[in-house]
> 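Structure below; questions to follow.
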Amino acid sequence: MASLLQSRTPSLSFSSSLCSTPVIRPSVSFLKPRSGPRIPVVRAKIREIFMPALSSTMTEGKIVSWIKSEGDVLSKGESVVVVESDKADMDVETFYDGILAAIVINEGETAPVGAAIGILAETEGEIAEAKAKATSQFSSAPAPSAPKVEESSPAPKVDAPSPPVDAAPAPSTPGKVVATPYAKKLAKQYKVDIGKLVGTGPFGRITPEDVEKAAGITPAPKSNVAAPAAPVASSAPASVPSKAPSNFPEIPGSTVVPFTTMQAAVTKNMLESLSVPTFRVGYPIATDALDALYEKVKPKGVTMTALLAKAAAVALAQHPVVNATCKDGKSFTYNSNINIAVAVAINGGLITPVLQDADKLDLYLLSQKWKELVEKARAKQLQPRTFTLSNLGMFGVDRFDAILPPGQGAIMAVGASKPTVLADKDGFFSIKNKMLVNVTADHRIIYGADLAAFLQTFSKIIENPESLTM
Amino acid sequence: MQSAISLSLSPSSSITRSDCSVAANAYLCTPRSLRFCGLRRKVFESKSFHSLKVSTRLVPCSRESNFNKVCAALQSNGTPSKGGFDYDLVIIGAGVGGHGAALHAVEKGLKTAIIEGDVIGGTCVNRGCVPSKALLAVSGRMRELQNEHHMKSFGLQVAAAGYDRQGVADHANNLASKIRSNLTNSMKALGVDILTGTGTILGPQKLKFGKGGSGDTFVTAKDIIIATGSVPLVPKGIEVDGKSVITSDHALKLEFVPEWIAIVGSGYIGLEFSDVYTALGSEVTFIEALDQLMPGFDPEIGKLAQRVLINPRKIDYHTGVFASKITPAKDGKPVIIELIDAKTKEPKGTVEVDAALIATGRAPFTQGLGLENINVQTQRGFVPVDERMRVIDANGMLVPHLYCIGDANGKLMLAHAASAQGISVVEQVSGNDHVLNHLSIPAACFTHPEISMVGLTEPQAREKAEKEGFEMSITKTSFKANTKALAENEGEGLAKLIYRPDTGEILGVHIFGMHAADLIHEASNAIAMGTRIQDLKFAVHAHPTLSEVLDELFKSAKVKVNSSSPIAQPVAV
């Protein structure tokens with residue numbers, strides 16, 4: 001649920017330059033190699049392709065597929081790789097022309113945001129260097145006894161441009177390596193240097209069996225169907241505290257469905273939320289006036305969500321501490337904007353579109369924006385938020401408790417509005433619609449009285465909602 | 001179905017005829033063979049042969065020739081209309097296009113003949129779509145049976161699946177023979193005269209057929225349709241030996257399954273063969289001249305198809321290169337393919353494989369047609385035609401009474417397009433003006449899963465929208481949400497609708513997924529009939545079926561106009 005502010009070094013978050021274009025197409029950024037002692041002079045333009053941050057909650061991405069293969073010439077704007085973020089699969093395009101020299105993270109593997117997933121060389125001459133760099137720096141996978149590539153022997157490819165002088169090379173020329181398509185695929189998967197293998201196939205070509213042997217794998221019973229990228233134990237995202245899930249007795253007949261990336265992101269955020277000391281304050285609010293207003297503005301396209309978000313935003317403007325964040329456990333971070341995230345359930349997960357500057361926009365604009373946002377959020381473009389609104393009232397839930405998403409000060413849980421018998425101070429009974437709101441807050445920065453005061457303001461706004469339409 | 005009764009009668013045999021309406025004609029020849037052809041159902045309705053209401057006519061076929069054959073045809077094949085022609089319509093080429101035209105011509109009451117120099121059925125039936133579907137049916141099953149994960153998810157256990165090459169090849173061959181005889185019988189049943197030999201146009205409304213030389217037979221026809229089709233295109237520098245370097249003609253016979261085959265060209269044909277070969281255990285290397293595999297498909301569909309049909313399989317590829325020279329395997333050497341850059345023509349190395357399949361497209365088969373006799377110049381071998389399939393001569397003038405359909409005109413090289421063009425032509429020659437909407441013709445690629453499309457691709461639609469200044473929208477649905485697809489464990493798939501939100505007009509539909517080829521027709525029919533999305537939304541689809549993918553697709557479209565169909569009368573049930 002909800003967001004997690006990027007805790008990684010901000011310089012590595014490449015949440016792309018897509019705001020300018022209406023087309024949602026994130027692009028990978030390429031940076032020059034971090035200038036450092038490791039590479040003294042960056043003469044050659046060898047760029048790393050980083051795992052892009054496709055959403056603010058994304059911490060790692062899975063490579064669904066490489067659209068381009070090693071050796072392919074890329075031109076600016078071309079899609080290079082398909083990345084599965086915590087929200088969706090997206091095509092990622094390049095900002096630079098060049099040659100995809102090496103793929104560091106293979107299909108089906110996962111890499112943290114900002115990690116190099118491939119190497120881009122500017123010219124063919126740099127491919128070998130880039131490849132060497134890839135193997136030396138990034139060979140993270142447990143390659144079974146994969147010999148290191150020496151720079152002098154660029155991994156041969158069948159289509160490697162042969163010198164234009166007298167073409168028609170004779171078959172089985174010494175030094176020329178012929179490997180079958182599947183052998184090449186396996187070599188890539190197991191990180192076997194195909195140039196070092198001796199082919200045993202017809203005409204001395206390298207067969208899939210040769211590669212498997214070199215990788216120390218007993219060849220699978222010859223199956224004609226390529227296994228869909230056998231999940232090579234990817235360098236696991238070591239961040240999740242392993243709570244040894246082994247002790248539960250296994251119930252026969254149960255099925256195990258691994259988390260999707262989105263579900264994994266939720267899990268991570270939820271665990272992280274445990275490190276924040278939170279408390280909760282509830283408040284009953286009469287909604288007759290709000291309901292009446294809603295009936296009035298509904299034909300103009302205003303939704304209950306927009307009304308509640310607007311009311312919360314107006315209240316937050318008066319209580320900035322509830323809109324603040326505690327980032328380091330030592331200070332308040334007061335946010336200048338009021339960005340309200342609203343939790344929306346979608347198939348197999350949850351998205352949280354953010355209404356930016358919810359206090360400043362009028363109700364109609366806000367409603368309109370909301371509609372666009374839901375569309376957009378499904379397509380995975382999310383902005384920083386300072387407060388979250390979660391409403392389960394439409395399901396008849398009367399009260400519930402929200403978990404505070406990391407990186408925010410407070411979250412509001414809204415229950416259903418229900419007719420309730422009330423006794424007023426004169427002893428008269430009446431029936432009014434009442435809803436219960438429950439706010440969870442970070443007690444390091446927001447105290448009980450802060451929250452109570454905020455809720456009082458919020459309740460006044462809801463009970464006299466005319467101001468919302470102004 | 002249709003059926004034929006053929007009788008061979010000796011000259012002395014007496015012929016039973018009732019209601020004989022022999023045209024008083026001076027050219028009665030000795031009848032050598034008589035063919036009684038039944039109207040579609042009437043043959044079987046009447047128990048006795050003698051009670052058949054046969055209206056026999058003796059047709060003087062040609063005055064000046066040795067054509068001493070009397071054709072006794074039923075009215076189902078019409079009588080040549082006035083003008084003294086032997087036939088109303090002669091079709092050169094008995095492929096799917098010619099067959100479609102012939103059947104429709106008979107229905108329109110035209111006296112029809114079809115000339116075929118090879119086998120009935122043409123490319124599609126004998127060397128194309130039909131046998132390849134047999135191979136693909138096998139490959140689909142192999143693929144499924146070998147996919148342990150897939151089987152396990154059904155709870156099925158299958159021991160190692162294997163195949164017998166000859167058995168697979170026989171299946172393809174038997175299917176082709178069966179379809180060929182069906183096709184032949186359907187024409188015979190309707191009384192279409194099948195004339196054997198090569199057809200050559202001699203002049204306006206005049207042609208000859210035969211094996212060439214003096215034995216040729218001359219016929220005249222009011223209208224002539226050229227439907228000679230195409231042959232595999234083999235680019236220069238490629239030596240086809242039929243064994244290690246082959247075209248689709250050879251590949252369909254499946255004489256051997258190479259361990260490693262290069263497929264030159266990644267269009268429909270190449271893609272389908274990659275599906276067959278990889279399922280049978282081969283590894284495949286694609287060689288594509290364009291920068292991208294699967295050119296011609298909607299880019300998004302192509303991308304998805306590549307993700308499913310290429311990347312996980314034992315396939316690699318070289319794009320942006322031509323195979324400049326291919327040498328068949330000999331003297332203990334493998335097949336050697338020399339590559340050059342498609343743009344710069346620089347050498348790009350060589351590929352050594354066990355076999356190479358040339359699937360670079362098809363070249364029209366229009367040689368020997370006698371086009372020079374009517375001053376028609378082919379363009380790259382294609383016969384130039386206008387939108388009504390009327391042949392255009394070298395001066396840009398229409399050649400009267402001459403039409404060209406199918407691969408030979410190159411408009412849309414698909415069997416069913418040829419047939420549709422043929423039907424369109426028959427409509428015209430029988431007096432109804434008709435222009436075929438080529439954008440309503442669907443196309444399909446029978447990989448696993450299948451790909452199908454109709455209308456414009458997204459870039460084409462975008463260009464059109466920009467040029468004509470209308471708004472264009474796109475909506476998509478996934479097979480992942482379809483019950484039937486999930487039940488089959490085939491959730492991989494996408495359907496994409498390109499449409500005009502202002503009118504609800506369908507511009508294009510592209511499907512990638514299980515049975516996509518069968519699903520496309522709802523969309524192609526809608527385009528052909530001009531049905532709008534707002535009306536399609538109310539059409540009911542059986543649940544749970546794959547057709548609901550399209551149902552959902554139409555329903556997800558945001559059309560700004562309301563349904564135009566009148567409120568239907570309630571029907572009591």
Side-chain angles (χ1 to χ4, degrees), chain A residues 64-73 75 78-79 82 89 91 107-108 156-173 176-186 188 199 201-205 207-208 220-230 255 347-348, chain B residues 139 142-150 160-163 259-260 262 278-287 291 299-300 303 306-308 310-321 324-325 327 329 332-336 338-341 346-354 480-481:
Chain A
V64 176
S65 65
W66 281 94
I67 298 164
K68 300 288 175 180
S69 351
E70 288 184 7
D72 281 359
V73 177
S75 48
E78 256 186 309
S79 292
V82 181
D89 293 0
D91 284 6
E107 288 176 10
K157 294 199 72 188
V158 183
D159 60 340
S162 59
V165 266
D166 108 76
S172 67
T173 313
K176 182 178 163 69
V177 178
V178 179
T180 72
Y182 189 45
K184 280 189 262 180
K185 257 180 204 177
L186 284 176
K188 207 154 127 194
F203 313 108
R205 73 169 69 123
T207 63
K222 194 171 171 159
S223 146
N224 288 332
V225 179
T255 47
N347 253 354
Chain B
S139 81
M142 271 306 275
R143 213 170 268 294
E144 221 170 324
L145 292 172
Q146 286 167 339
N147 188 341
E148 262 174 59
H149 174 72
H150 184 77
Y163 68 92
E259 274 180 42
W260 183 6
T278 52
L280 298 183
S282 304
E283 296 184 35
V284 169
T285 295
F286 269 121
I287 295 167
D291 288 336
E300 191 172 8
K303 223 181 270 174
Q306 181 167 343
R307 212 183 287 167
V308 177
I310 308 276
N311 295 352
R313 298 185 180 169
K314 294 175 181 174
I315 302 177
D316 70 351
Y317 49 87
H318 304 277
T319 51
V321 290
S324 60
K325 186 165 181 234
T327 317
K333 286 181 193 167
V335 175
I336 300 168
E338 290 173 26
L339 302 177
I340 55 167
D341 190 288
E346 278 168 23
K348 291 287 248 180
T350 59
V351 176
E352 293 169 13
V353 288
D354 298 325
K480 280 195 183 87

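Values below: every heavy atom of this structure, side chains too, minus hydrogens, waters and symmetry copies. Note on naming: letters A, B, ... go to the chains in the order of the sequence lines (proteins, then strands), and numbering restarts at 1 for each one. Everything numeric in this text was worked out from a predicted model, so none of it was measured.
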> Please classify the contact between B:Gln306 and chain A as side chain, backbone, both or neither, with a heavy-atom cut-off of under 4.5 Å.
side chain
> How far apart are the closest heavy atoms of B:Arg307 and A:Val64, and which atoms are they?
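For B:Arg307 versus A:Val64, the nearest heavy atoms are CD-CG1, 4.0 Å.
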> Could you check whether any side-chain N or O of A:Asp72 sits under 3.5 Å from a backbone N or O of A:Ser69, counting only pairs where one atom can act as donor and the other as acceptor?
yes
> Please check if atom NZ in A:Lys68 has more than 12 non-hydrogen atoms from other residues, nucleotides or ligands closer than 6.0 Å.
yes
> Please classify the contact of A:Thr180 with chain B as side chain, backbone, both or neither, using a heavy-atom distance under 4.5 Å.
both
> Examine whether an atom of B:Asp291 lies under 4.5 Å from a heavy atom of chain A, and if so say whether it belongs to the side chain, the backbone or both; otherwise answer neither.
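Contact with chain A: none, neither part.
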> Tell me, side chain or backbone of B:Val284 under 4.5 Å from chain A's heavy atoms, or both, or neither?
backbone
> Looking only at atom types and distance, does a side-chain atom of A:Tyr182 sit under 3.5 Å from a main-chain N or O of B:Glu283, one as donor and one as acceptor?
no
